[in-house]
Trainee: 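Below is the structure I would like to discuss, written out as structure tokens.
The sequence lines fix the lettering, A, B, ..., with proteins before strands; numbering per chain opens at 1.
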There are 2 protein chains.
Amino acid sequence: MRFPWQQKQIVPTETSHNLTEELTRQGYRMTPQRMMIVDAIEHTENHISAEDIFRQVVAKYPNVNVSTVYRTLELLEKLGLVTKTEMGVGHIVYHPLEKGHHHHLICRECGNVVDLDESVLAPLKESLQQNYQFTADLRHLGIMGLCAECKQKSQNKTANG
Amino acid sequence: MRFPWQQKQIVPTETSHNLTEELTRQGYRMTPQRMMIVDAIEHTENHISAEDIFRQVVAKYPNVNVSTVYRTLELLEKLGLVTKTEMGVGHIVYHPLEKGHHHHLICRECGNVVDLDESVLAPLKESLQQNYQFTADLRHLGIMGLCAECKQKSQNKTANG
DNA sequence: GTAAATATTGCGACTAATTCCAACTGCAAC
DNA sequence: GTTGCAGTTGGAATTAGTCGCAATATTTAC
Ligand SMILES: [Mn+2]
Ligand SMILES: [Mn+2]
Ligand SMILES: [Zn+2]
Ligand SMILES: [Zn+2]
């Protein structure tokens, strides 16, 4: 198999971030593929989808395979470096935890998203630990529901219909 | 198109349950396909996967298509009659709400599942309503995390390794 | 150095779920 | 009755994601 960076001597930039450091520290190899994937994750403001990562990476190096993207994301998630969250039906995004811990309230009707500090989930997390000895993974939730406006509308519809 | 119940005069039993009543009440047609799908959901103890529903239905009527199963589940979910929950990675189950409201604590390591009364989530639901005017849909969650045993093991591993 | 063992990748096959469309059904209007 | 129309379905195509495996890359043992 012939890899493009062997022919072209192009090396991805930005190799000294936390994700990279943590991967190498734990004995994983920082391959060019992983560098580019990590780069894409760290250059996003907040969330990024697997497809977006793949598009960015494949734009530079067409040979990189989509399964490598998924495998790397799975590894980063296993190591607790990124979270995987469903933000609305079928819309899965990844979030690097070094960019802050928080949650999202997602309206099922209008799609509006409100951010939520992680402290709001702290009582639940504590309660599950105390009463069930269960360490819940509540780091980046997408909580579905109805915003005030859409709830109002749906109640009107029921009353009038 | 020729449907098997047209030839064989076989009509599914159990047509007077809550799901059926609610569908007809809201003006949806109770087709033989929907009867069989609803029948499968109501005869399960707790959870059922789309594939299991499809297998049960297709055993009686080979012509029924899998997309009809998914469409019916989507409809029932939209009407608030069943919930769709991920119980561990990629394992999606449906739960008829008439069979009770509760949640599940799922250990990421050993896969062990502990049931949780819905009252445990009530404070969070209330807090989101009060402070964010957001009506969260917290009816049948699969909360991932680590059970006490697996957490102990993972800590030992980190300490010794 | 070389050889063996391990980690990682690309690739193609596969799976669960969705989407599109033409065909079919049931109901109301005439 | 027939016609028109909205609701529903089957089937094929499509999609996101996973899996097994051989090829490649890197590390370890000697
Ligand atoms: Mn976020
Ligand atoms: Mn349940
Ligand atoms: Zn809304
Ligand atoms: Zn466990």
Trainee: Taking the nucleotide of DNA chain C with the closest heavy atom to each, which residue, Val66(A) or Lys84(B), is nearer the 5' end?
Mentor: Val66(A)

Trainee: Search all heavy atoms of Leu146(B) against all heavy atoms of Cys150(B) and return the closest pair with its distance.
Mentor: CD2-CB, 4.1 Å

Trainee: If I take atom CG in residue Leu75(A) and atom P in nucleotide dT8(C), what distance separates them, rounded to the nearest angstrom?
Mentor: 7 Å

Trainee: Tell me, with the steps shown, if Arg25(B) and Glu22(B) meet salt bridge (Lys or Arg N to Asp or Glu O under 4.0 Å).
Mentor: CA-CA 5 Å; Arg25(B) 199 187 67 75; Glu22(B) 191 60 21; 2.8 Å; yes

Trainee: For the side chain of Arg34(B), counting heavy atoms from C-beta on, which of dT9(D), dA17(C), dA16(D) is nearest?
Mentor: dT9(D)

Trainee: Give a yes/no answer on whether the side chain of Tyr70(A) brings an N or O atom under 4.0 Å of OP1 or OP2 in dG17(D).
Mentor: yes

Trainee: Distance from Ile143(B) atom CD1 to Leu121(B) atom CG, nearest 0.5 Å?
Mentor: 5.0 Å

Trainee: Once you round it to whole Å, what is the distance between C1' of dC11(C) and CZ of Phe54(A)?
Mentor: 12 Å

Trainee: Check the phosphate of dT18(C) against Arg71(B), side-chain N and O only, distance under 4.0 Å to OP1 or OP2. Yes or no?
Mentor: no

Trainee: Below the 4.0 Å mark, does dA25(D) have OP1 or OP2 next to a side-chain nitrogen or oxygen of Gln33(A)?
Mentor: no

Trainee: Give the rounded distance in Å between these two atoms: CZ of Arg29(A) and P of dT8(C).
Mentor: 6 Å

Trainee: Calculate the interatomic distance between Leu73(B) atom CG and dT9(D) atom C1'; express it in whole Å.
Mentor: 15 Å

Trainee: Do the side-chain N and O atoms of His47(B) and His104(B) include a donor-acceptor pair separated by under 3.5 angstrom?
Mentor: yes

Trainee: Quick one: on DNA chain C, does Gly90(B) or Ser67(A) contact a more 5' nucleotide (nearest heavy atom)?
Mentor: Ser67(A)

